[in-house]
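Working notes, structure below.
Numbered from 1 within each chain, the chains take letters A, B, ... in sequence-line order.
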Amino acid sequence: MRLTAEGVGWTIHGHKLLDDVSLGIAPGETFGLIGPNGSGKTTLLRVLAGLQRPKRGRVLLDDRPMQAMPQRDIARSIAFVEQQADTHERIGAREVVELGRTPFLSPLRPWTEQDDKIVHRALEDVGMLPLAERLWHTLSGGERQRVQIARALAQQPRILLLDEPTNHLDIRHQLSILRLVKQLPVTVVIALHDLNQAMDCERIGVMEAGRLVDLGTPEQVLTAARLRRTFGVQADILEDPVDRSRIMRFRCAL
Amino acid sequence: MNLAATLHLPVVLRWRWVWLAPSTLFVAVIAGTAIGETAIPLETILKVLANRLWGAEHVVDRIDAGIIWNYRLSRAILAACCGAGLALSGVVLQALLRNPLADPFLMGISAGASTGAVAVTIAGLGAGAVTLSLGAFAGAGLAFSLVVLLARAAGSGTGGGRSAQAAGAIILAGIAGSQLFNALTAFIIAKSANAEQARGIMFWLMGNLSGVRWDDVTLGLPAALGGLLVCLWHRRALDAFTFGADSAASMGIAVRRVRAILIAVMALVTATMVSMVGAIGFVGLVIPHAMRFLVGNRHTRLIPASALAGAVFLIGADIVSRVIVPGQVLPIGVVTALVGAPAFAVILIRGTRTR
């Protein structure tokens, strides 16, 4: 399933949060979205997820304009994991994941054994099966993020959108969430803060002041010139002696 | 996570309350009919019911029959309807606005109703052609509309889409609207009421079920049942709001439509109840929390449990209000607050301790 943005724009109080963004996400790819704070990553993800209608341009799901689709139909194809979701309710991890079946249920289409299997599978995929009966507020930040990803997987989406899922997590949990996301057999669009983590994406888009200023493979995009221009930092590209991969070291630009 | 699940009761046992519910309600209604200034034996009540419902021909004292059928029974049934309606409104508003302090009167409904009531009874609006109930209903509707307009204006100022701001805008607009209408009420009372009128209004505002007749039941029962059905129909949507409106939208809930429908229906139910019996506090706040504690957060169970508990609780509160001070009827709102406030404290303390 192909997700396309065509000239998408979003303004608030005359302030441009998104400006003429055009982007095509190919089926099966892992697409990284980077950019400084306030560059429009979250707004773009929300528009792509159908949570926010663009004020200009349009978003297409295959050939269907998303504006004309019921929220329910969108949710059967696209799942969205917020940067930080929280609740005061006393709710168990499994119950959170069960919420992901919402777009497939209705007052006339009750919960079935099939739904139980999908929820079980989703919990298994994120490695949360042993903690499935724990209460939400007893889980750590990394565990909560896993539960939210499982909730999104229970929607059986073709496209998964994640907004900085590694934020506020310690390094071990950051890496395990990223490994998990990479292994998922769905199209992934992921906003990331850590540029070295973005290296693992197949393609990267760079946001700057609401515009998509660059698009390509990590090697094409993450150049010293680009990092200086968009992020205002001096970057040196190094080679990891262990696996020969590229890593970046950052310094304040002079 | 709920009591039944943590105790590992078998499924059959967990669902036993499904048929327990109507019987509990029936017992409560009978108790509400039997207990009062003159206690009436159970046998007489059942005979009167049989006479009326199945056309049986038991011999019953006519005065007893009159009290049972025309006063006590209609009163108990309306108490049940009001309790259920207010509790459901509390469940819905707490879920949609994600605020544990949300209650049915949050949207300015009780403040508007009291303004409408004093406008009719004290300021003489409508020149006698308008009843207190109609005035209260109109006032509630007016206040609610104003709060919604205010919330929309405030919400669009913050970009509209973001859920937390939208919910916050509703709560702030509700507070502003309530303050405005409370001030209007105070103004009318201060300007034109004598002490006796002011006392009467105070009494009505705290909730008053005396004077309830079958006419009221024919309005209250459809309102309560309609509210229950609308809530049950949207139970999964309400569940989906657990992590906020954005999360609900990403799971396919048409957030604006669902929120508009549910808040409008609950405002209508609440306004109907308030216009008949006054603003009975604490039911809509405490019952949903108590039921979350007992049956968990899932609305499939929470909705029927809250409706039942609200109904039984208000019948009980009505009985207490009638018998606790001999020869005098207390406003029912005094009883619900006296029972509700400590109960709420206990729930809060136990709730945080189990975390």
Side-chain angles (χ1 to χ4, degrees), chain A residues 10-13 15 17 43 46-47 49-53 69-82 84-96 98-111 133-138 144 148 151-152 154-155 157 161 163, chain B residues 1-3 5-6 8 94-95 97-101 156-165 229-258 288-289 292-300 302 350-352 354-355:
Chain A
W10 177 269
T11 47
I12 179 166
H13 300 314
H15 195 80
L17 292 187
T43 311
R46 288 170 55 83
V47 168
L51 297 181
Q52 216 161 284
R53 309 243 140 130
M69 291 173 71
Q71 204 78 41
R72 202 177 163 83
D73 287 4
I74 299 173
R76 288 177 176 189
S77 305
I78 300 181
F80 179 62
V81 177
E82 288 172 279
Q84 228 180 348
D86 204 1
T87 182
H88 304 297
E89 304 281 0
R90 294 169 54 79
I91 184 170
R94 184 187 298 276
E95 289 178 296
V96 174
E98 282 172 0
L99 291 178
R101 297 304 297 157
T102 305
F104 302 91
L105 303 172
S106 79
L108 309 176
R109 193 280 194 198
W111 189 268
E133 309 311 323
R134 285 265 295 275
L135 284 175
W136 170 261
H137 61 260
T138 67
R144 289 181 185 190
Q148 284 297 332
R151 193 267 303 152
Q155 278 174 250
L161 306 177
D163 190 4
Chain B
M1 282 294 116
N2 59 74
L3 207 61
T6 35
H8 298 289
Q94 284 162 13
L97 303 180
R98 300 184 73 213
N99 190 316
L101 288 176
S156 65
T158 57
R162 299 298 175 96
S163 61
Q165 282 136 340
L229 286 179
V230 171
C231 288
L232 280 175
W233 185 265
H234 289 101
R235 62 190 190 276
R236 291 195 193 283
L238 287 166
D239 281 341
F241 274 87
T242 305
F243 287 92
D246 279 346
S247 163
S250 80
M251 290 185 284
I253 305 299
V255 167
R256 276 161 181 265
R257 199 184 71 214
V258 167
H289 284 297
R292 274 194 194 91
F293 189 70
L294 282 178
V295 304
N297 297 294
R298 302 309 282 274
H299 287 84
T300 306
L302 184 59
R350 293 189 64 174
T352 43
T354 48
R355 289 196 169 197

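Expressed to the nearest 0.5 Å, how far CD of Glu89(A) lies from CG of Asn297(B) amounts to 4.0 Å. Distance check, rounded to the nearest 0.5 Å: CD of Glu82(A) to OG of Ser250(B) gives 6.5 Å. Taken to the nearest 0.5 Å, the CZ atom of Arg298(B) stands 5.0 Å off from the CD atom of Glu95(A).
Remark: Trp111(A) pairs with Glu98(A), Arg101(A), Leu105(A), Asp115(A), Asp116(A), Val119(A), Arg236(B) by the side chain to side chain contact (heavy atoms under 4.5 Å, CB included) rule, at least two apart or across chains. For the side chain to side chain contact (heavy atoms under 4.5 Å, CB included) test, residues two or more places apart in sequence or in another chain that qualify with Ala240(B) are Thr102(A), Ala248(B), Met251(B), Ile253(B).
Interface remark: Leu161(A) contributes no atoms to any contact with chain B (heavy atom separation under 4.5 Å). Contact annotation for Ala49(A): neither backbone nor side-chain heavy atoms come within less than 4.5 Å of a heavy atom of chain B. For a residue to count as touching a neighbouring chain, one of its non-hydrogen atoms must lie under 4.5 Å from one of that chain's; by this rule Arg76(A) does not touch chain B.
A heavy-atom distance below 4.5 Å is not found between the side chains of Pro107(A) and Leu232(B). Between Arg46(A) and Asp246(B) there is a side-chain heavy-atom pair separated by less than 4.5 Å. At a threshold of 4.5 Å between non-hydrogen side-chain atoms, the residues Phe241(B) and Thr87(A) do not count as touching. The shortest distance between side-chain heavy atoms of Phe243(B) and Leu99(A) falls below 4.5 Å.
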